[in-house]
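Below: one structure, written as structure tokens.
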Amino acid sequence: QVQLVESGGDFVQPGGSLRVSCAASGSILKIDDMEWYRQGPGKDRELVASITSGGITKYADSVKGRFALSRDYAKNTVFLQMNSLKPEDTAVYFCNAKITYFNSTYRRFSSLDAWGQGTLVTVSS
């Protein structure tokens with residue numbers, strides 16, 4: 001099976017910076033897009049940023065110019081650098097990836113829209 005594990009969530013003051021990470025593990029054949037979503041208090045889950053297998057990034061208007069995605073292909077890891085953080089950025093941040101992997105149970109390749117468990121980012125003074 002494959003897993004996505006987020007890390008790096010923390011408490012940070014407004015205007016501060018933080019980097020969260022998402023690492024995929026397992027018998028991975030390929031990973032296409034990797035995305036970051038977030039869900040703030042009383043809000044729906046929203047797409048924050050995405051990066052394609054070719055390294056093309058897209059950002060939500062609310063974070064454009066402040067957040068930056070990068071990807072370590074060798075380690076199957078994506079990073080979200082968050083700068084100039086605002087209280088509105090407070091949320092649980094979730095990693096999502098479309099993964100093709102070898103399913104050892106059924107001895108065949110399978111595809112999965114994988115989600116991590118989330119990492120909490122709190123922006124407050």
Worksheet item: Under 3.5 Å, is there a donor-acceptor pair between the S17 and R19 side chains?
Response: no
Worksheet item: Does the side chain of Q39 come under 3.5 Å of the side chain of Y37 through a donor N or O and an acceptor N or O?
Response: no
Worksheet item: Under the side chain to side chain contact (heavy atoms under 4.5 Å, CB included) criterion, do R38 and E46 qualify, and how do the steps go?
Response: CA-CA 6 Å; R38 69 183 181 187; E46 64 173 338; 2.8 Å; yes
Worksheet item: Same hydrophobic cluster for V48 and V12, using side-chain heavy-atom links shorter than 4.5 Å among ILVMFWY?
Response: yes
Discussion item. Please check if the number of heavy atoms outside Q81 that lie under 6.0 Å from its CD is greater than 12.
Written reply: yes
Nearest atoms (heavy-atom pairs only) where [X] meets [Y]:
{"X": "E35", "Y": "L47", "value": "CB-CD1, 3.8 Å"}
{"X": "M34", "Y": "V78", "value": "CE-CG1, 3.7 Å"}
{"X": "I51", "Y": "L69", "value": "N-CD1, 3.7 Å"}
{"X": "L18", "Y": "D10", "value": "CD2-N, 3.7 Å"}
{"X": "G8", "Y": "V20", "value": "C-CG1, 3.8 Å"}
{"X": "I31", "Y": "I99", "value": "CG1-CG1, 3.9 Å"}

Measuring from [X]:[atom1] to [Y]:[atom2], what's the distance to the nearest 0.5 Å?
{"X": "W36", "Y": "S21", "atom1": "CH2", "atom2": "OG", "answer": "7.0 Å"}
{"X": "L4", "Y": "C22", "atom1": "CG", "atom2": "SG", "answer": "4.5 Å"}
{"X": "F67", "Y": "S84", "atom1": "CZ", "atom2": "OG", "answer": "9.0 Å"}
{"X": "N103", "Y": "S111", "atom1": "CG", "atom2": "OG", "answer": "10.5 Å"}

When you measure from the side chain of [X] to the backbone N and O of [Y], does any donor-acceptor pair fall under 3.5 Å?
{"X": "Y59", "Y": "R66", "result": "no"}
{"X": "E6", "Y": "C95", "result": "yes"}
{"X": "Y101", "Y": "S25", "result": "no"}
{"X": "N96", "Y": "A114", "result": "yes"}
{"X": "R71", "Y": "G54", "result": "no"}

Worksheet, complete the sentence: Besides Y106, the hydrophobic cluster formed by Ile, Leu, Val, Met, Phe, Trp and Tyr side chains linked at under 4.5 Å, directly or via other members, contains none
Worksheet item: So does K64 pair up with D61, basic N to acidic O under 4.0 Å?
Response: yes
Item to complete: Can you label the angle between the F102 ring and the F109 ring as parallel, tilted or perpendicular, going by 30° and 60°?
Response: perpendicular
Worksheet item: Partners of D44 by salt bridge (Lys or Arg N to Asp or Glu O under 4.0 Å), sequence neighbours excluded?
Response: none
Worksheet entry | Side-chain heavy atoms of M82 within contact of V121, under 4.5 Å | yes
